[in-house]
Number of protein chains: 2
Amino acid sequence: MTVSKTAEKSSEKSGEAGKGRKDAGEPQAEALQLGELSEQLGYVLKRAQLKVFENFLRCMASLQLTPAQFSVLLLVEKNPGRNQTEIASTLGILRPNFVAMLDNLESRDLCARIRSTNDRRSHILVLTDKGKAVLARAKKLVASKHEARLNDLLGQANREALIAMLSKVANEF
Amino acid sequence: MTVSKTAEKSSEKSGEAGKGRKDAGEPQAEALQLGELSEQLGYVLKRAQLKVFENFLRCMASLQLTPAQFSVLLLVEKNPGRNQTEIASTLGILRPNFVAMLDNLESRDLCARIRSTNDRRSHILVLTDKGKAVLARAKKLVASKHEARLNDLLGQANREALIAMLSKVANEF
DNA sequence: GATAATTGTTATGGACCATATCAAATATCG
DNA sequence: CGATATTTGATATGGTCCATAACAATTATC
């Protein structure tokens, strides 16, 4: 069930540009049989997730946003005035690990920590103007380059069905 | 798009045993709005993947097999006589990282490295008798406790549709 | 007002992933 | 044949992400 991010370099040798794939060329070392692996939920889930994240990063290259950072900006925009603990726990990020993430976003002036007047322990999170602008551009990129790709691949109906099923698995499994 | 493995402890406070959930009890700190996040492919994919892996580990607790180890055993069983490079690259595992994995499986007598007579550089991989037995038990556990759960949740048809779509995403996205 | 709990933070360790490098064995090619 | 390049398994190492313990400042609780 393990899959890493590096595309297998071995495939570069065989199917390059316009070469009509010779079938009985060299010994060729026949491809392995995946067998039951290709129907293992966890295996195919992980592979799909890696591919999707990989594509997401490419789409966001110009904005330099990771999936995690994008999710933080989205959530802060939707829920302004919440503190670090609330945002982090909603995303399943542990508070200690959230600190460095925010340091990054804040250093890039996308997000700001504001001392709460009610509870001077907590930091209220808000998007800066730049943060809002970047997020707006990010959304457009995701919609046009990322989610649209899923539509092309599966069709609108199947895309929605897939996301609905994944949500169900995520929440009720 | 980030999700960790720890279940949010905060939910333990509210819905415990048989307590009828009071709606207007204490201040309650209203739950955050996920907004567009809940329809982000990457977000829901990652959450689902974590839940599935978590459940897999619980099911395999008695056999002490991780998803990655299970995939290795499955692939070696299906393709006996292949070397480390072939098995690893098929699973998307980099050769350096595969060494420790095999050390582990070999130390538990589940898998064996055999020097190839054709090419004395490579190690042929095979399952030991114990490895075959453990894998057989693992398959039964996965089928009865893991995959069956997906059937209960989605139904047979949807389960197959989900896996088919994930395969498509994994291969063609 | 003493004690407990919460918030953000630091330090730290583990798991996983990726790259460079190496010795041994093999392949390639002059 | 023999020099050079490639392949295989392995080691070392660094990065990222995840998880836990602990701490100071602040607030809640009694």
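Labels below follow one simple rule: chain letters A, B, ... track the order of the sequence lines, proteins then strands, and each chain is numbered from 1.
The shortest distance between the side-chain N/O atoms of B/Arg82 and the OP1/OP2 oxygens of D/dT8 is not below 4.0 Å. Look at B/Thr85 and you'll find a side-chain N or O under 4.0 angstrom from OP1 or OP2 of D/dG9.
Taking CG of B/Asn55 as the reference point, atom CE of B/Met60 lies at 10.5 Å (rounded to 0.5 Å). For the atom pair SG (A/Cys59) and CG (A/Leu65), the distance works out to 12.0 Å, reported to the nearest 0.5 Å. Note that NE2 of B/His146 is 8.5 Å distant from CZ of B/Phe53, once rounded to the nearest 0.5 Å.
Comparing B/Thr117 and A/Arg121 by the nucleotide of DNA chain C whose heavy atom lies nearest to each, the residue mapping closer to the 5' end is A/Arg121. Toward the 5′ end of DNA chain D lies the nearest nucleotide of A/Pro96, the other residue of the pair A/Pro96 and A/Asp119 mapping further downstream. Across the interface with DNA chain C, nearest-nucleotide mapping of A/Ile124 and B/Ser116 shows A/Ile124 to be the residue nearer the 5′ end.
Checked against A/Asp119 for a side chain to side chain donor-acceptor pair (under 3.5 Å), the options A/His123, A/Arg115, A/Arg121 give a single hit: A/Arg121.
Separating the CG atom of B/Asn118 from the P atom of D/dT7 is a distance of 18 Å, rounded to the nearest angstrom. Rounded to a whole Å, the CG atom of B/Asn104 is 14 Å from the C1' atom of C/dC16. Remark: C1' of C/dA11 and CZ of A/Phe98 are 20 Å apart, rounded to the nearest angstrom. At whole-Å resolution of the value, CG in A/Leu102 and P in C/dT9 are 7 Å apart. Put simply, CD1 on A/Ile87 is 19 Å from P on C/dT6, counting in whole angstrom units. Remark: P of D/dC18 and CZ of A/Arg95 are 13 Å apart, rounded to the nearest angstrom. Rounded to whole angstrom, the span from the CG atom of B/Leu94 across to the P atom of D/dT11 amounts to 16 Å. One interatomic measurement links the two molecules: CZ of A/Arg115 to P of C/dT9, which rounds to 8 Å at whole-angstrom precision.
A salt bridge is defined here as a Lys NZ or Arg NE, NH1 or NH2 lying under 4.0 Å from an Asp or Glu carboxylate O, and B/Glu147 with B/Arg159 meets this definition.
At the heavy-atom level, B/Arg120 lies under 4.0 Å from the strands shown only through sugar-phosphate atoms. Base contact: B/Asn97 has a heavy atom under 4.0 Å from a base atom.
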